[in-house]
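As structure tokens, the structure follows; a few thoughts come after it.
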There are 2 protein chains.
Amino acid sequence: MARIVKDPEIRRTEIIDIAEELFLKSGYNETAVSDIVKRVGVSQGTFYYYFKSKEDILNAIIERYIYDIKMGVKAIAAKDDINAIEKIMAFFDFLNNMDQGKEKLIDYFHEDQNVHLHARFEKNVPSNIIPPFCQMIEEGVQEDLFDTKYPEMAALSIIGTTFAISHWMYDKEDRAGSTKKIMSAIFDLIERILGAEPGIFMEYAMKTEGAK
Amino acid sequence: MARIVKDPEIRRTEIIDIAEELFLKSGYNETAVSDIVKRVGVSQGTFYYYFKSKEDILNAIIERYIYDIKMGVKAIAAKDDINAIEKIMAFFDFLNNMDQGKEKLIDYFHEDQNVHLHARFEKNVPSNIIPPFCQMIEEGVQEDLFDTKYPEMAALSIIGTTFAISHWMYDKEDRAGSTKKIMSAIFDLIERILGAEPGIFMEYAMKTEGAK
DNA sequence: GATGGACTGACTGACTGTCAGTCAATTTAT
DNA sequence: ATAAATTGACTGACAGTCAGTCAGTCCATC
């Protein structure tokens with residue numbers, strides 16, 4: 001085949017892009033390295049010139065997600081025109097709306113074939129978002145919006161709660177169920193964990209919705 | 001090789017036992033089906049007579065853990081000589097002390113080679129323990145020990161929080177750190193989530209420890 | 001109550017196809 | 001000239017298959 005030399009940075013990104021697309025379409029185990037290189041139009045050897053194993057490219061893909069999330073959260077945490085409650089809500093909004101092309105990332109991740117992606121994702125998210133999230137909580141404590149002695153644990157608890165509930169919802173058939181009740185429950189939990197005034201998150205949510 | 005016919009139930013258990021041992025020792029990916037059958041002393045064909053794939057036996061192993069947990073939790077939930085707080089504490093005690101031979105299951109699962117087992121485990125635990133756990137919480141609400149409108153969500157939140165914190169702890173080097181502070185934080189979170197009187201879990205914990 | 005033949009389903013192990021990963025050779029860029 | 005990028009045929013390992021074997025059971029017959 002005609003040999004095409006590209007800037008390594010571009011080649012690497014190219015391979016990651018295709019690998020990500022195929023992993024999401026068919027699953028990690030079901031995608032062969034040979035499928036990836038065929039689509040990219042390079043040899044098997046080139047793949048292993050850039051990645052030391054198939055597992056390695058999975059990590060590269062996850063790292064990219066994590067990087068995006070980290071940047072997004074940092075940006076929210078750094079804002080100075082909104083308070084801690086609004087930041088936390090903006091944070092959830094950001095996570096929910098992160099997408100990958102046309103479909104929501106979160107939907108992809110919950111498909112059964114992607115347990116591999118999903119597990120790795122959830123394993124790496126906390127260490128990256130806990131610090132800025134924790135900062136938001138500490139800010140809220142200083143503003144007297146929250147009341148907790150353990151901001152880091154509260155951050156972990158909220159992230160863990162979110163994961164658990166989102167899995168739970170996806171495993172249940174009647175997912176459409178009653179979104180409102182679930183929202184109320186989640187807000188209630190967050191308020192309790194943070195020691196915020198009961199109902200205050202819902203209040204803010206209504207306000208924002210009204211502004212749209 | 002000499003052909004030895006056994007009761008299918010026994011053969012199946014035998015294969016699961018060895019597979020579990022090898023998966024925990026060397027990891028799922030690093031254990032070949034051929035390794036398993038060599039140890040059991042049967043042919044490759046026998047393996048596939050009992051399990052439709054390598055993935056399938058992993059499920060069988062997880063199902064066994066889940067079954068044990070389910071039974072343990074049900075037993076605790078059914079007790080009538082202790083109150084809801086004591087039940088919840090007994091439940092955590094039970095989970096923490098579940099072992100597989102000499103090592104604690106939770107320690108095994110956090111070893112890097114066992115991500116596969118671990119992910120599958122955490123995916124399946126909630127749907128099995130939420131119902132009895134939820135029942136304990138409702139009981140606590142009736143006894144006026146807890147105060148929540150969303151017992152199921154509270155159960156999910158506590159499980160999610162527990163997972164998140166345990167991952168967090170295992171990822172940090174300085175794990176030995178300050179167990180007491182972490183215990184206080186976890187109790188604080190549980191009390192908030194359940195709407196229990198602040199400090200009541202710690203109180204019960206001290207009482208139980210004193211009794212020993 | 002022994003003999004044997006039909007039958008079942010547990011079990012065998014050599015075989016196949018696939019795939020992750022390697023490497024010596026080759027081309028391109030500086 | 002040298003280094004960096006690229007090739008693709010090759011290897012070894014492994015999951016999964018399949019045609020066939022054999023232990024044990026059931027039951028008809030003497």
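What you see is a predicted model, and the numbers here were worked out from it, not measured in a lab. Order of the sequence lines fixes the chain letters, A, B, ..., with proteins taken first and strands second; residue numbering starts at 1 for each chain.
For R12(A) and dA5(D), the CZ to P distance is 13 Å, given to the nearest whole Å. If you measure from atom CD1 of I57(B) to atom C1' of dG16(D), you get 14 Å, rounded to the nearest angstrom. For the pair Y48(A) OH and dA5(D) C1', the interatomic distance rounds to 18 Å; values are reported in whole Å. Rounded to an integer number of Å, the gap from NZ of K38(A) to C1' of dA20(C) is 14 Å. Taking atom CZ on F23(A) and atom P on dA20(C), their separation rounds to 9 Å, with Å as the unit. The CD1 atom of I4(A) sits 13 Å away from the C1' atom of dT27(C) (whole-angstrom rounding). Remark: C1' of dA13(D) and NZ of K54(B) are 11 Å apart, rounded to the nearest angstrom. If you take CG of L58(A) and P of dG21(C), they are 12 Å apart, rounded to a whole angstrom.
Nearest to the side chain of Y50(B), among dG21(C), dA14(C), dC11(C), sits dC11(C). The side chain of S53(B) lies closest to dG16(D), out of dG16(D), dT22(C), dT12(C). Checking dT12(C), dA5(D), dA15(D) against every side-chain atom of V42(B), the shortest atom distance belongs to dT12(C). Among dA15(D), dG21(C), dT7(D), the nucleotide with an atom closest to any side-chain atom of S43(A) is dT7(D). Closest to the Q44(B) side chain, of the nucleotides dA20(C), dG13(C), dC11(C), is dG13(C). Checking dA5(D), dA15(D), dT22(C) against the side-chain heavy atoms of Y49(A) singles out dA5(D) as nearest.
Mapping A32(A) and F47(B) onto DNA chain C by nearest heavy atom places F47(B) at the nucleotide closer to the 5' end. Remark on DNA chain C: of its neighbouring residues G45(A) and T31(A), the 5'-side contact belongs to T31(A), judged by nearest-heavy-atom nucleotide.
Heavy atoms of other residues, nucleotides or ligands lying less than 6.0 angstrom from CZ of F92(B) number more than 12.
Of the charged side-chain nitrogens involved, at least one lies within less than 4.0 Å of a carboxylate oxygen, so that R64(A) and E20(A) count as a salt-bridged pair. Comment: R12(B) does not engage E9(B) in a salt bridge, judged by the lack of any side-chain N to carboxylate O separation of less than 4.0 angstrom.
Among the heavy atoms of the strands, none lies under 4.0 Å from K52(A).
Here the straight-line distance linking atom CD of Q44(B) with atom NZ of K38(B) works out to 9.5 Å at 0.5 Å rounding.
Residue R11(A) has a polar side-chain atom (N or O) positioned under 4.0 Å from OP1 or OP2 of dT6(D).
In this structure, Y150(A) contributes its side chain and I186(B) its backbone to no donor-acceptor pair below 3.5 Å.
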